[in-house]
Amino acid sequence: MSGADQKASGKGPLLVVDGHSLAFRAYYALPVDSFTTSNGQPTNAVWGFAIMLSEVITAEQPTRMCVAFDMAGGTFRNKMMPGYKGTRQAAPEELLSQLPLIQNFLETLSVRYIEKQGYEGDDIIGTLATMGEDAGYRTLVLSGDRDAFQLADDHVTVLFPGYHFRQLKRMTPEAIQEKYHVSPEVYPDLAALRGEQSDNIPGVPGVGDTFAARWLNEYGDLEAVLDNAEKIKGKKGEALRKCIGQIRLNRKVNALVRDLDLGVTVDDLGFGRIHTDKVNALFDRLEFGSHTRNKILKGFNCVEDFEGTGLPDNSKKTDESETGLAFQTPKADPVEDVEAFEAWCREHLPSPKESSELAETMPDAEPVIQAAGDGLKAAQAQDTACPDLSKQSWYLHAEGSSKPGAAKLERLTVLAPDGHAIVLEDQQVSGDLNQALATMLAERISSCTVYGYKEHTHLLSAAGLTLPMPLFDAKLAGYLVEPDFHAVDLEKAFAHFLHVLMNDDEQPEVEQGALDFDGDEDAERDKPTDEQIALNRVEYVRLLAEHLKPLIEERRQFNLLRIIEMPTSTVLTGMEDQGAKVDLDRLKGMGDQFGAEAQEAQAIAWDRAGEEVNLQSPKQLQKVLFEDLGLKPIKRTKNGSYSTNAASLQRLYLTSVGNERANDFLGALLRHRETNKLKQIVNSLMETVNPRDGRIHTTFEQTVAATGRLSSVDPNLQNIPNKNAAGREIRSAFVPGERFESLLSCDYSQVELRIMADLSGDEALIDAFKSGADFHKYVASLVYGISMDEVTPDQRSHVKAMSYGLAYGLSTYGLAQQLNVSPAEADVLRSQYFSTFGKVHDYLESLVSDASVKGYTETIFGRRRYFPGLRSKRRTTREAAERAALNAPIQGSAADIMKIAMIKAQHSLAQAGCKSRIILQIHDELVLEVAHGEQEQVTDLVTDAMEHAVKLAVPLDVSTGIGADWQQAAH
DNA sequence: GCTATGACGTA
DNA sequence: CGTACGTCATAGCG
């Protein structure tokens, strides 16, 4: 059937929905913790079901619709197969309780739903598909159950949720053929052979889709395969013959009934009146926000009937997305030469004057940072307004690889506020237009918006262009708005924040008519050109930035963006460009040595085990340790297997002294673990050295860690060993480059504790820091009520562990474990500690309780993190969220302070004309490569920048060390 | 090729 | 039964 035929028929499709399977898929796809009402009613399945339905209705415009449900009490299938859908029967109460809500939802919208005693929803759907066909409708079956595939034909398409729940796969006969290599009629044969895990139906062991399809295509259909079972060779043939009975049963069970008497005709299934008041009453009960309501109701063409109730809704959207995103690929103007480019800029972009006027309205760093010293409220009160991006900003988007030290620009796209765009290929950017672009950037960058300032700096630098700080970075803005969402790329961020579904070409599904009914047409649609992709992307940047701007303003985070995050990007770009010089010979020597030690240990382990076990395979180790050697397991992993982690091995080692073979094996295994890990670290470092300059250019991720910290990848230079002497050696391979003299390491002492002292206002803790004495000893003397001289090393270390554990939400159980004391003793320490530092206790409690009320925590600079888990009714989930909520403002404020310190330090170095550079940041430590003769000056400048990053109630203490390599710079 | 898991390195 | 990360290797899927 062609698209033309459908239009000729003059009516929209019939949509039939498998209510149960959709609810199941929604339930398991969406985190129940984020979808629970304040009285504990889970709503994730209702939400997913409703959103899905609304999206499908919007896209497909059906004129008839019906939802089928299973009925309690089982079906003829259960009589044939006692275990049938056993896994589903055991559905959690959290899901079952939502089914009546879904039916209630349908009632309020006058959508027909049908259940029939003794039959499944599937049979109702099969029947409806047949009825639809007879009545001349094309039919869409929305179902998460693969059994529905057998219904697909020229008039019936199955919409099947894929790995990502909301991404529907259009299962036409062609699509089924392509995926399973059988036709829809034969699909149930294939399913009978393979079995269905989710329905508790066993298939032939070891046989999946591939083999089932091979057999079916060889012999024709299931009966033919079973008739020829003798001919099938190998283990799989044997397995097949063993379960012929089961397979025949499977096939009977998965056949859908298609001729039930439902007591309705297709023409009865039109859309009825929407009971607006009932819908709203239901949505109130479900605590759906205004955005969710609008989105759902939009599908039912009644968005204008609905007035928001003012419930909080974090996914609040801008106007254009609420009324439906009208996405259009911008049109590119041709620019052949420099004159045309310059003329285009003059005509379409904000002028240099307008750009610099915009720069004048930006906040100054110093007063903002000072104000934060008086508390977050004071800082937020003077948060600057963000300019109206849609009128005052232009957009720049570069394509290519932004890898530090190896960046490559491919294409540059510019979008003007008036909608005009240009696309420039690398040859132009690096060639003819280079000079004109440099001027354009210098003059107009302060009105520019990008997605990923840091990446863009690398990309443009690859084309010989410098990129000064733009007006707005949508990537950083998105990170501030929702730090727990990790955008993999621009498309994902766009789709996430604007709630847009993307198709396979990473283009948004347009609201109406975008989904052609015919699968063929989709397949034939032309792939977008590189230029179209580039134009789409710059448009995504525009829409995303305009969407995020009001959210940033509403939270008063524009200063955080402009004064901390964007300048941090500048510093990080410099660090990534500079890279860290390593001594390859030294690394090679260490690698060989670690390798040799690992091999020795392995030889001993293999000898004692009596076989060549792979010591890096927990699975194989479990067998040797707990089966062959018969050792008693210490603890289980989260999946129920026995743990072979170092702590368990250590305990096994200590308790196996009588058993020489096991003891030797464990000792060798532990040594192998340690040395082999070090070997791997050394090897991965060597692999990432850039051959052009002998330096390692890590990438600092600025939008990954939800607390506001940086992370380091490719390679991770924030986890180079430091605890054990052997591992620490690796640090000696990090050395100053040729034009430099030494490495300087500066780190904050006890920043997080100092932040706690400041934020809690606890006088005793503040005095402890002001005293300048050995902090942990001082605290111990207070906690134990003795003089400093009387504090034993044990007491000091116990108090130290307690202090550090505070910011993590450490339990007394955990403390006891760590200190190797009884829980009772740990509890005594805890009470003594908190009676000494009462305000710290109150502060930590207030963090969690405030977060429970507000739903989020804030750092001293207003960086937020949301904690939906605090409202979970599952204790473990909730307590985990409580610990994270306790930690986030402390870890996050430390991150804010370090970012400011980095910006200040780099600024001071530049002001003083120093050649020394920051090369690494390890959360509370900065490593600098120091130029000749600058040691003293740089130490002073950086120390000062760090110590005076912000003004707290306690001093910030920085300790420094300098040396010929990173290890020697330790202090 | 992909994803999940267990292990382990850092602050 | 402490937070926050990234990477390696294996193992199972295809």
Side-chain angles (χ1 to χ4, degrees), chain A residues 163 179 197 206 208-211 213 483-484 486 613-622 635-649 669-670 672-674 676-685 687-688 698-701 704-724 726-728 730-731 747-752 801-818 823 826 844 847 857 865 867 875-876 879-892 894-895 898 920-925:
Chain A
Y163 177 71
K179 179 146 170 57
Q197 180 82 51
D209 292 335
T210 320
F211 270 88
D484 278 275
H486 181 38
V613 268
N614 185 341
L615 299 182
Q616 294 174 136
S617 163
K619 206 179 152 151
Q620 292 185 31
L621 283 180
Q622 281 153 16
K635 72 163 196 168
R636 286 178 182 277
T637 67
K638 65 173 176 183
N639 278 321
S641 62
Y642 296 131
S643 175
T644 66
N645 68 14
S648 303
L649 295 181
L669 175 57
L670 280 162
H672 178 269
R673 274 269 174 85
E674 192 180 329
N676 199 51
K677 174 91 187 176
L678 296 175
K679 189 192 84 175
Q680 280 169 11
I681 292 173
V682 169
N683 286 343
S684 71
L685 285 178
E687 280 169 25
T688 52
T698 182
T699 299
F700 288 102
E701 294 288 352
V704 166
T707 51
R709 274 189 176 182
L710 303 176
S711 74
S712 158
V713 294
D714 195 21
N716 182 354
L717 293 186
Q718 291 179 322
N719 71 344
I720 304 302
N722 197 16
K723 284 190 184 138
N724 308 314
R728 200 158 40 232
I730 299 178
R731 294 187 170 221
D747 64 60
Y748 279 121
S749 4
Q750 310 109 5
V751 238
E752 298 191 350
M802 176 76 206
S803 293
Y804 278 113
L806 286 180
Y808 297 144
L810 184 62
S811 65
T812 48
Y813 177 91
L815 184 65
Q817 286 251 302
Q818 194 184 312
L844 294 174
L847 277 181
T857 60
R865 187 175 175 195
F867 292 96
R875 197 179 52 105
T876 50
E879 287 178 346
E882 285 171 357
R883 292 190 296 271
L886 179 86
N887 176 258
I890 299 168
Q891 190 183 115
M898 181 50 117
L920 296 175
Q921 186 253 43
I922 307 97
H923 310 305
D924 63 1
E925 173 186 9

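Each chain gets a letter, A, B and so on, in the order its sequence line appears, and its residues count up from 1.
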Mind checking what makes salt bridge (charged side-chain N to carboxylate O under 4.0 Å, His left out) contact with [X], not counting sequence neighbours?
| X | answer |
| --- | --- |
| Arg731(A) | none |
| Glu879(A) | Arg875(A) |
| Glu752(A) | Arg709(A) |

So which protein N/O to nucleotides 3-7 of chain C N/O distances come out below 3.5 Å?
{"from": "dT3(C)", "atom 1": "OP1", "to": "Arg883(A)", "atom 2": "NE", "distance (Å)": "3.2"}
{"from": "dT3(C)", "atom 1": "OP1", "to": "Arg883(A)", "atom 2": "NH2", "distance (Å)": "3.3"}
{"from": "dT3(C)", "atom 1": "O2", "to": "Gln891(A)", "atom 2": "NE2", "distance (Å)": "3.4"}
{"from": "dA4(C)", "atom 1": "OP1", "to": "Arg865(A)", "atom 2": "NH1", "distance (Å)": "2.9"}
{"from": "dA4(C)", "atom 1": "OP1", "to": "Arg865(A)", "atom 2": "NH2", "distance (Å)": "3.2"}
{"from": "dA4(C)", "atom 1": "O4'", "to": "Gln891(A)", "atom 2": "OE1", "distance (Å)": "3.4"}
{"from": "dA4(C)", "atom 1": "O4'", "to": "Gln891(A)", "atom 2": "NE2", "distance (Å)": "3.2"}
{"from": "dC5(C)", "atom 1": "OP1", "to": "Ala706(A)", "atom 2": "N", "distance (Å)": "2.9"}
{"from": "dG6(C)", "atom 1": "OP1", "to": "Ser711(A)", "atom 2": "OG", "distance (Å)": "2.9"}
{"from": "dG6(C)", "atom 1": "O4'", "to": "Asn716(A)", "atom 2": "ND2", "distance (Å)": "3.0"}
{"from": "dT7(C)", "atom 1": "OP1", "to": "Asp714(A)", "atom 2": "N", "distance (Å)": "2.7"}

Measure the shortest side-chain to side-chain distance between Tyr808(A) and Arg883(A) over non-hydrogen atoms and say whether it is less than 4.5 angstrom.
no

dC8(B), OP1 or OP2 - any side-chain N/O from Arg673(A) closer than 4.0 Å?
yes

side-chain hydrogen bond (donor to acceptor under 3.5 Å, both in side chains) partners for Asp747(A), two or more places apart:
Ser959(A), His971(A)

Applying side-chain contact (heavy atoms from CB on, under 4.5 Å), name anything that partners [X], two or more places apart in sequence or on another chain.
| X | answer |
| --- | --- |
| Leu810(A) | Leu815(A) |
| Ser643(A) | Lys635(A), Thr637(A), Asn645(A), Ser648(A) |
| Tyr813(A) | Ser811(A), Gln817(A) |
| Gln718(A) | Phe700(A), Leu710(A), Ser711(A), Ser712(A), Asn716(A), Gln921(A), Ile922(A), His923(A) |

For [X] and [N], what is the distance between atoms [atom1] and [atom2] respectively, to the nearest whole Å?
| X | N | atom1 | atom2 | result |
| --- | --- | --- | --- | --- |
| Gln818(A) | dC1(C) | CD | P | 15 Å |
| Leu810(A) | dC1(C) | CG | C1' | 9 Å |
| Gln921(A) | dA11(B) | CD | P | 12 Å |
| Glu925(A) | dT10(B) | CD | C1' | 11 Å |
| Leu615(A) | dC8(B) | CG | P | 13 Å |
| Glu752(A) | dG2(C) | CD | C1' | 12 Å |
| Leu649(A) | dG6(B) | CG | P | 15 Å |
| Tyr804(A) | dT10(B) | OH | P | 16 Å |

Contacts of Tyr642(A) meeting ring-ring contact (aromatic ring centres under 6.0 Å, His included) (sequence neighbours excluded), chain-then-number -> Phe626(A)

Under 4.0 Å, heavy atoms only, any strand: does Leu678(A) hit a base, just the sugar-phosphate, or nothing?
nothing

Kindly state which residues belonging to residues 635-644 of chain A come within less than 4.0 angstrom of DNA chain C, counting heavy atoms of the residue only, listed by number.
none

Any chance you could list the contact pattern along nucleotides 9-14 of chain C? Use B for base contacts, S for sugar-phosphate-only contacts and - for none, protein heavy atoms under 4.0 Å, 5' to 3'.
SSSS--

Spacing of Gln680(A) atom CD and Leu685(A) atom CG [to the nearest 0.5 Å]
12.0 Å

